[in-house]
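Here's the structure, in C-alpha cells; my notes come after.
Throughout, protein chains are lettered first and strands after them, A, B, ... in sequence-line order, and every chain is numbered starting at 1. What you are looking at is a predicted structure, and each value in this text was computed from that prediction instead of being measured.
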Protein chains: 2
Amino acid sequence: MAINKKQSFGKKEQDLAECAKALAHPARIAILKVLAQHNKCICGEIVSVLPLAQSTVSQHLKELKNAGLITGTVDGPRSCYCINWKAFEKFNREFSFLFNHLKTEQACC
Amino acid sequence: MAINKKQSFGKKEQDLAECAKALAHPARIAILKVLAQHNKCICGEIVSVLPLAQSTVSQHLKELKNAGLITGTVDGPRSCYCINWKAFEKFNREFSFLFNHLKTEQACC
DNA sequence: ATCTTATATCGCAAATATACGATTAATAAA
DNA sequence: TTTATTAATCGTATATTTGCGATATAAGAT
C-alpha cells in the first residue's frame, strides 16, 4: 500500500485489531486450542499435531506471544508456552465494550 | 506462500479465523463502532468520519459484509449497513467455547 | 569435546492485504 | 434527457503475511 494508515486510528481500535490479527489464522487458533486443552506447559507437541513445518509453527507462536495471548519461557533446548487467560479476558471485555450499545434494538436491514 | 495450508485445518478453526481476520484492521473496528453507536442504517457518514478514501472504505465494508458481521442493502445511489448482532454473538460463543476448558486453573509460566 | 535434540531465526518466494485514483452504475433532481 | 450524487468496482503499486528449508543456538547426553 502507498501509506500505512493504521496509525491514524485510536489506540483502542489499534489494540483490538492487533489482537484480532493474532487470531486471524486457523493455525494459531489450533495452537491456542491445544494450549487451552492442556492448560499447562507443553513443548514440541504442538509441531507434531499441526500440519506445518517446525519453523512455521515457531513463527506462529512468536506472533501469539507478541500479541500477548500466550506466555513462553525458553528453557534450553525446549521451551514452554501457556495461554495468557488475562489477555483473553481483556480482549473479550474490550470487544464487548466497543459494541454493547443498544444491542437489544433491532437493526433495520 | 508456496501453498495455502489453511484448508488443512478444521472448519471451526477456519471460520473463527475468518471472522477474526475481518476484525483485524483498525478501520474496520472503527466502522463497526460507528454502526454500533447508530444501530441503524447509515451510509456515506462512515466515509466522512474515517481518514480514508471512499473506495477504501467501500472495500472494508465489503470485507465485513463477506464475513457476515454486517448486513447491507443497496438502495439506489445510497446503501445502508447495519451490524449483524447475531454474527457477533455467534463469534463470541464459538470463541469462548474453544477456550473454556480449565480456565480457572493457573498457567505455569 | 562431540553429538543429539529441540527450538529460534534467517532468507527467500509466493500469496494476500491495503490504499488510492479513475471509472462505472444507479438513482434522484433539474 | 441531462446533471448531480452516492457508492461499488477496476486497475495498480506497495506492504505484509505465509510457509519452507537451511542455519544457528542452547543445553543435555555420551
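Going from atom CD1 of I46(B) over to atom P of dT6(D) covers 14 Å, rounded to whole Å. Across the protein-nucleic acid pair, I70(B) atom CD1 and dA8(D) atom C1' stand 13 Å apart, rounded to whole Å. Protein atom CD of E45(A) is 14 Å distant from nucleotide atom C1' of dT7(C), rounded to whole Å. Counting to the nearest Å, the P atom of dA8(C) and the CD atom of E63(A) are 13 Å from each other. In this structure, CG of N66(B) is placed 15 Å from P of dT16(C), rounded to the nearest angstrom. For the pair K62(A) NZ and dT7(C) C1', the interatomic distance rounds to 12 Å; values are reported in whole Å. Separating the NE2 atom of H60(A) from the P atom of dA8(C) is a distance of 13 Å, rounded to the nearest angstrom. When rounded to the nearest whole Å, the span between CG of L61(A) and P of dA6(C) equals 16 Å.
In the region residues 17-29 of chain A, proximity to DNA chain C at under 4.0 angstrom, judged on heavy atoms, holds for none of the residues.
The phosphate of dA8(C) (OP1 or OP2) has a side-chain N or O of Y81(A) nearer than 4.0 angstrom. Taking only side-chain nitrogens and oxygens, N4(B) never comes nearer than 4.0 Å to OP1 or OP2 of dT17(D).
Residues H60(B) and E63(B) form a side-chain contact, since some pair of their non-hydrogen atoms from C-beta on lies under 4.5 Å apart. When side chains are defined from C-beta on, T71(B) counts as touching N84(B), because their heavy atoms get closer than 4.5 Å. With a 4.5 Å cut-off on side-chain heavy atoms, F97(A) and R93(A) do not count as touching.
In summary, of the residues considered (L69(B), L35(B), L64(B)), a side chain to side chain contact (heavy atoms under 4.5 Å, CB included) with I83(B) occurs for L35(B) alone.
Taking the side chain of R78(B) as heavy atoms from C-beta on, and the options dG19(D), dA7(D), dA8(D), the nearest nucleotide is dA7(D). Taking every side-chain heavy atom of S79(A) into account, dT7(C) is the closest of dA19(C), dG19(D), dT7(C). With dA8(D), dC20(C), dG19(D) as the choices, the nucleotide that has an atom nearest any side-chain atom of K5(A) turns out to be dC20(C).
In this structure, I70(A) and L61(A) approach most closely via the heavy-atom pair CD1-O, 3.6 Å.
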Is there a ring-ring contact (aromatic ring centres under 6.0 Å, His included) between F95(A) and F91(B)? Walk through the geometry before answering. CA-CA 11 Å; F95(A) 186 64; F91(B) 175 69; 5.7 Å; yes
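No donor-acceptor distance shorter than 3.5 angstrom exists from the side chain of T56(A) to the backbone of L52(A), with no hydrogens or angles considered. Listed for the S58(B) side chain is no donor-acceptor partner under 3.5 Å among the backbone atoms of Q54(B).
In the interface, the side chain of Q59(B) is paired with the base of dA19(C) through a donor and an acceptor atom under 3.5 Å apart.
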Review item, side-chain donor-acceptor pairs of residues 8-26 of chain B, under 3.5 Å, at least two apart:
unit_1: S8(B); atom_1: OG; unit_2: K5(B); atom_2: O; d: 2.4
unit_1: K11(B); atom_1: NZ; unit_2: D15(B); atom_2: OD1; d: 3.4
unit_1: K11(B); atom_1: NZ; unit_2: D15(B); atom_2: OD2; d: 2.8
unit_1: E13(B); atom_1: OE2; unit_2: K33(A); atom_2: NZ; d: 2.9
unit_1: Q14(B); atom_1: NE2; unit_2: K6(B); atom_2: O; d: 3.4
unit_1: Q14(B); atom_1: NE2; unit_2: F9(B); atom_2: O; d: 2.8
unit_1: H25(B); atom_1: ND1; unit_2: A27(B); atom_2: N; d: 3.0

Distances for protein N or O near nucleotides 21-24 of chain C N or O, under 3.5 Å:
unit_1: dG21(C); atom_1: N7; unit_2: S55(B); atom_2: OG; d: 3.2
unit_1: dG21(C); atom_1: O6; unit_2: S55(B); atom_2: OG; d: 3.3

